[in-house]
Amino acid sequence: MSSEPLDSCDLLCMDLPHAESVRATLPALGDIEPLADAARAFGDPTRLTIALALNAGGQMCGCDIAWIVGQSQKLVSHHLRKLKAANIVTSSRTGKLVMYSLTDRGTRLLSVLTAPSTSNIATSTAKITGVDHG
């Protein structure tokens with residue numbers, strides 16, 4: 001039995017025309033960074049739960065969000081700042097309350113993550129990134 005790793009070729013057998021055509025469709029690194037930030041934002045279970053709560057409940061104050069997700073206001077506030085920095089959540093002050101809601105981008109990204117089947121992923125990703133691989 002061979003102990004060779006299965007994740008790499010044993011020889012260089014590149015299909016250069018195909019590889020170049022795929023490379024040409026990829027967004028620039030500067031365009032990928034915001035997508036990576038968004039992926040990291042949803043990579044934490046608390047942040048994902050907060051986004052799901054905002055998706056279900058619409059605009060809400062941080063106190064309500066903290067109660068809904070069962071976490072402290074301080075922790076939820078920290079996660080809301082991360083989501084806001086990734087342009088997933090927006091906030092506005094109403095008197096003494098700070099109200100949070102998902103951005104359009106946040107709603108689209110969340111719909112991709114919660115899609116019931118993987119067949120929608122390529123289409124949804126193309127809508128978000130502007131790159132159609134199909």
Side-chain angles (χ1 to χ4, degrees):
M1 179 177 239
S2 175
S3 64
E4 294 292 319
L6 298 176
D7 57 352
S8 62
C9 295
D10 290 335
L11 69 116
L12 182 60
C13 57
M14 221 169 117
D15 179 352
L16 191 57
H18 179 68
E20 282 296 328
S21 69
V22 170
R23 178 186 252 177
T25 67
L26 296 178
L29 183 59
D31 295 331
I32 291 175
E33 286 294 335
L35 293 172
D37 290 342
R40 280 190 290 275
F42 282 121
D44 180 90
T46 300
R47 287 193 289 269
L48 183 55
T49 304
I50 290 168
L52 290 167
L54 286 168
N55 191 51
Q59 186 178 45
M60 291 187 282
C61 75
C63 302
D64 288 343
I65 297 167
W67 186 85
I68 290 167
V69 302
Q71 300 290 342
S72 72
Q73 281 184 271
K74 188 174 182 174
L75 180 67
V76 168
S77 178
H78 164 77
H79 285 300
L80 284 165
R81 279 192 302 276
K82 296 274 188 181
L83 289 167
K84 193 173 174 183
N87 194 25
I88 303 298
V89 166
T90 188
S91 66
S92 62
R93 181 169 288 279
T94 305
K96 293 184 178 187
L97 300 175
V98 178
M99 305 298 287
Y100 294 92
S101 60
L102 286 176
T103 61
D104 289 341
R105 180 173 183 254
T107 301
R108 289 191 314 269
L109 288 168
L110 191 60
S111 72
V112 170
L113 288 175
T114 59
S117 73
T118 57
S119 64
N120 296 330
I121 291 176
T123 302
S124 298
T125 303
K127 287 179 186 175
I128 294 166
T129 64
V131 177
D132 186 3
H133 296 285

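Heavy atoms only: backbone and side chains are in, while hydrogens, waters and symmetry mates are out.
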Taking the side chain as every heavy atom from C-beta outward, state whether L80 and V98 have any pair of such atoms under 4.5 Å apart.
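When only atoms from C-beta onward are counted, V98 and L80 do not touch, as no gap falls below 4.5 Å.
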Got a list of side-chain donor-acceptor pairs under 3.5 Å for residues 62-69, not counting sequence neighbours?
none

How many angstroms lie between atom CG of L102 and atom CD of Q59, to the nearest 0.5 angstrom?
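Between L102 CG and Q59 CD, I get 11.0 Å after rounding to 0.5 Å.
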Could you work out the complete set of other residues in the hydrophobic cluster of L97, with links drawn between I, L, V, M, F, W and Y side chains under 4.5 Å apart?
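Taking Ile, Leu, Val, Met, Phe, Trp and Tyr as members, L97 shares its hydrophobic cluster with M99.
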Any side-chain heavy-atom pair of V89 and T103 under 4.5 Å:
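Side-chain contact under 4.5 Å: no.
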Which residues satisfy the side-chain hydrogen bond (donor to acceptor under 3.5 Å, both in side chains) test with S101, sequence neighbours excluded?
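In terms of side-chain hydrogen bond (donor to acceptor under 3.5 Å, both in side chains), with neighbours along the sequence ignored, S101 is linked to no residue.
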I32: side chain to side chain contact (heavy atoms under 4.5 Å, CB included) partners, not counting sequence neighbours:
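With sequence neighbours excluded, I32 shows a side chain to side chain contact (heavy atoms under 4.5 Å, CB included) to P27, given in chain and number order.
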Please list, chain by chain and in numerical order, all residues satisfying side chain to side chain contact (heavy atoms under 4.5 Å, CB included) with S72, sequence neighbours excluded.
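Partners of S72 under the side chain to side chain contact (heavy atoms under 4.5 Å, CB included) test: K74, L75.
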Results of side chain to side chain contact (heavy atoms under 4.5 Å, CB included) for D15 - residues two or more places apart only
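Result, side chain to side chain contact (heavy atoms under 4.5 Å, CB included) vs D15: P17, H18.
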Heavy atoms only: give me the nearest A38-R105 pair and the separation to one decimal.
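It is CB-NH2, 3.6 Å.
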Where C61 and Y100 come nearest, the two heavy atoms and their spacing
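Smallest interatomic distance, heavy atoms only, reads C-CD1, 4.5 Å.
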List the residues meeting salt bridge (charged side-chain N to carboxylate O under 4.0 Å, His left out) with R23, not counting sequence neighbours, and say none if there are none.
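Listed in chain order: E20.
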Are L48 and L113 close enough, and set up right, to give a side-chain contact (heavy atoms from CB on, under 4.5 Å), and what steps lead you there?
CA-CA 10 Å; L48 183 55; L113 288 175; 4.2 Å; yes
Going by salt bridge (charged side-chain N to carboxylate O under 4.0 Å, His left out), name the residues that satisfy it together with D37, two or more places apart in sequence or in a different chain.
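Partners of D37 by the salt bridge (charged side-chain N to carboxylate O under 4.0 Å, His left out) criterion, ordered by chain and then number, come out as R40.
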Working to the nearest 0.5 Å, report the span between CG of L52 and OG1 of T114.
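Taking CG in L52 and OG1 in T114, the distance rounds to 7.0 Å.
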With salt bridge (Lys or Arg N to Asp or Glu O under 4.0 Å) as the rule and sequence neighbours excluded, what pairs involving residues 93-102 come up?
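Every candidate salt bridge (Lys or Arg N to Asp or Glu O under 4.0 Å) pair involving residues 93-102 fails, so no pair, neighbours aside, qualifies.
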Applying side chain to side chain donor-acceptor pair (under 3.5 Å), which residue pairs with at least one partner in residues 43-57 are found, sequence neighbours left out?
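Found R47-H79.
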